[in-house]
Amino acid sequence: MNKVLCIGLGKLGLIFSFILASKNNFVYGYDIDKKIKRNIDKNIKNAEPKLNSLIKKNYNKFKFEEDFKTSVSNTTCSFVIVPTPSKKNKEFDNKYIYNSLNEIGKYLKNKKKYIINITSTVNPGSCDKFIKHLENKFNLVHGKEFIITYNPHLIALGSIYNDVLNSDVVLIGSKLKYGHNFLRKIYAPLYKKKISKLKFLNLEEAEISKIAINTFITMKISFTNTISQISDKIKNINSSNILDAVGHDTRIGKKYLSLGALFSGPCFPRDNLNFSKYLSDKKLNSSLPKAIDNVNDVQLKRYIKAFNKFNKLKKPTVGICGLSYKQNTNITTRSPGILLYNYFKKKYKTVAYDEYKPDIKITNLEKNLNNFGKKCDVIFVCYQNSKFKKLEKIKYSKKVLIIDLWKFLNFKNKKVILKTIGIS
Ligand SMILES: NC(=O)c1ccc[n+]([C@@H]2O[C@H](COP(=O)([O-])OP(=O)(O)OC[C@H]3O[C@@H](n4cnc5c(N)ncnc54)[C@H](O)[C@@H]3O)[C@@H](O)[C@H]2O)c1
């Protein structure tokens with residue numbers, strides 16, 4: 001059994017540590033935030049599917065470790081999964097990674113080819129700087145005492161377990177074959193026969209690939225929204241019919257070509273902007289990621305225009321159904337729900353509903369969908385969740401306008417006027 005150390009047990013790190021523990025690894029876990037251990041001890045339910053059951057089943061293969069000396073000397077590899085928040089200039093801030101490297105670095109002198117696997121998303125070119133930093137500060141040699149690998153995950157919150165196990169591609173960057181082979185062995189029990197999905201790259205290629213993949217997906221979303229907007233002006237347009245026809249061409253494909261809201265969450269928007277910054281720093285053409293972001297930015301205005309067009313009341317109560325950026329998570333980063341909530345709360349009485357308590361303070365939050373529906377005159381449905389179909393069954397005492405950003409509702413309730421963004 002491999003013994004590995006996971007540094008950073010946040011939204012990605014905690015579940016990833018337990019995925020590793022479930023696949024033939026003993027995991028030492030370290031986080032500066034001690035609440036994480038307390039929450040596990042109290043068995044607090046986490047919104048992330050599978051997390052609680054994974055912890056329960058694999059707790060005997062996991063140990064919270066406070067002491068870096070013990071953790072490093074007992075393991076052959078560290079996974080660094082700490083935050084890399086975006087700076088004002090759209091670069092990722094690597095300071096938490098440097099903090100972790102400074103802790104590990106102290107105990108590497110007697111190690112042989114200790115793998116430091118960076119899982120956090122970093123700016124292209126960062127891993128080379130991490131190597132130089134460790135070599136200079138601790139008088140070490142890359143390839144001798146330690147090896148840096150880069151292995152970010154292409155996951156979304158609310159589906160991390162499935163996304164890790166079923167991702168189409170696993171990026172593994174290293175300067176050395178040893179690094180590639182080490183991770184090949186770690187991942188063998190996870191991917192079994194589908195080991196071909198592992199893509200072995202050099203460090204900078206892997207760093208670029210992570211943000212390039214997310215930029216391509218956001219490009220598809222912004223393309224979809226470009227088609228979707230046609231129905232705002234032209235009569236008798238169902239944009240989903242157009243997208244279906246376009247996506248039928250196998251050179252294009254159907255994925256991410258169905259009607260939906262703007263892109264949001266902790267990865268897509270910032271990875272796209274980071275790629276733009278990377279290209280312009282290198283004096284390369286960065287107009288594509290900029291255009292993708294620009295299309296995304298105007299989507300909120302479309303939702304507000306739809307409201308202004310269809311709402312007939314002077315003082316409506318506006319409901320935001322779904323504040324997080326997708327189902328099964330409470331994270332609201334740049335979500336359509338939070339953008340709409342912040343806009344409408346300045347103008348009208350605004351109520352929000354979500355299944356999980358949002359990660360930011362919301363003054364007017366309704367916990368029961370039925371009560372929420374009855375309070376509202378206009379409801380924006382902001383992410384896809386089959387539970388939101390219950391909005392149809394509510395016994396409304398007045399007419400209610402429902403604006404669906406995702407084209408997944410289909411109501412027969414006579415009290416409901418349903419408008420779908422993307423359909424004239
Ligand atoms: N959340 C996602 O959807 C997602 C997806 C792909 C990639 N990523 C990347 O993964 C990284 C982590 O993201 P996250 O969402 O899990 O962040 P997070 O903020 O939820 O968790 C990070 C954890 O690291 C801990 N931490 C900070 N500094 C530390 C240190 N020096 N030592 C030990 N622990 C420390 C924090 O206390 C926190 O618990 C980021 O680079 C992010 O871009 C995240």
Side-chain angles (χ1 to χ4, degrees), residues 5-20 27-40 46-49 51 64-68 71-72 78-87 90-106 116-124 126-127 130 133 150-164 167 169-171 173 206-207 209-215 217-218 263-275 324-335 359-360:
L5 165 65
C6 287
I7 303 169
L9 304 171
K11 296 183 285 296
L12 174 59
L14 186 62
I15 187 159
F16 186 71
S17 302
F18 279 92
I19 292 174
L20 286 176
V27 179
Y28 292 85
Y30 174 79
D31 199 292
I32 46 174
D33 181 356
K34 302 303 161 213
K35 207 167 68 226
I36 295 167
K37 182 174 184 316
R38 286 202 297 276
N39 286 350
I40 291 184
N46 196 296
E48 187 61 44
L51 177 55
F64 277 103
E65 186 57 80
E66 302 277 306
D67 176 26
F68 263 95
S71 315
V72 175
S78 285
F79 286 80
V80 180
I81 324 172
V82 295
T84 47
S86 293
K87 296 196 272 195
K90 311 304 176 196
E91 264 178 20
F92 303 132
D93 190 340
N94 288 336
K95 70 177 173 208
Y96 300 104
I97 297 189
Y98 281 107
N99 291 347
S100 306
L101 296 179
N102 290 342
E103 289 297 337
I104 303 169
K106 289 181 211 160
I116 304 173
N117 186 44
I118 309 294
T119 303
S120 305
T121 308
V122 298
N123 310 303
S126 299
C127 286
F130 301 152
H133 176 80
Y150 183 59
N151 166 228
H153 289 283
L154 301 158
I155 55 99
L157 301 178
S159 49
I160 299 179
Y161 181 82
N162 277 334
D163 293 348
V164 168
S167 72
V169 52
V170 179
L171 303 170
E207 290 164 333
S209 300
K210 158 65 165 70
I211 51 175
I213 287 171
N214 281 347
T215 299
I217 297 169
T218 56
F263 59 81
S264 55
C267 284
F268 280 165
R270 75 191 203 103
D271 283 8
N272 178 59
L273 292 170
N274 183 273
F275 191 43
S324 56
Y325 85 102
K326 64 186 281 288
Q327 69 170 339
N328 291 329
T329 175
N330 67 338
I331 302 301
T332 57
T333 316
R334 292 183 67 171
S335 72
D359 60 345
I360 53 169

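All ligand and atom numbering here is 1-based and tracks the order in the structure.
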| Any Cys267 heavy atom less than 4.0 Å from ligand 1 | yes

| remark: atom 10 (O) of ligand 1 has as its nearest protein heavy atom Leu12 CD2, 3.7 Å

| How far is atom 15 (O) of ligand 1 from its nearest protein heavy atom, and which residue and atom name does that atom have? | Lys11 CE, 3.3 Å

| said: Give the atom numbers and elements of ligand 1 that come within less than 4.0 Å of a heavy atom of Ile81. | reply: 12 (C), 22 (C)

| Nearest protein heavy atom under 4.0 Å from atom 13 (O) of ligand 1, yes or no | no

| Should Glu207 and Lys210 count as an ion pair when the cut-off is N to O under 4.0 Å? | no

| message | So is Thr119 touching ligand 1 or not, going by heavy atoms under 4.0 Å? | response | no

| field | Within 6.0 angstrom of Tyr98 OH, more than 12 heavy atoms from elsewhere | value | yes

| Do the rings of Phe16 and His153 sit parallel, tilted or perpendicular, given the 30° and 60° boundaries? | tilted

| Distance in Å, Leu5 CG paired with Glu65 CD, rounded so as to fall on 0.5 Å steps | 8.5 Å

| query | So is Glu103 close enough to ligand 1, meaning a heavy atom under 4.0 angstrom away? | reply | no

| field | Close-contact set for ligand 1 against Ile155 heavy atoms, below 4.0 Å | value | 2 (C), 3 (O), 4 (C), 5 (C)

| request: Answer yes or no for Pro83: is there a heavy-atom contact with ligand 1 below 4.0 Å? | output: yes

| request: Please name the residue in the list Val80, Asp31, Leu20 that meets the side-chain contact (heavy atoms from CB on, under 4.5 Å) test with Cys6. | output: Leu20

| message | If you take the nearest heavy atom of each of Ile32, Thr121, Asn94, Thr333, which one is closest to atom 9 (C) of ligand 1? | response | Thr121

| field | Close-contact set for ligand 1 against Ile36 heavy atoms, below 4.0 Å | value | 39 (O)

| said: Within ligand 1, which atoms have a heavy atom of Asp33 less than 4.0 Å away? | reply: 37 (O)

| request: Could you tell me which atoms of ligand 1, counted from 1 in the order shown, lie closer than 4.0 angstrom to a heavy atom of His153? | output: 6 (C)

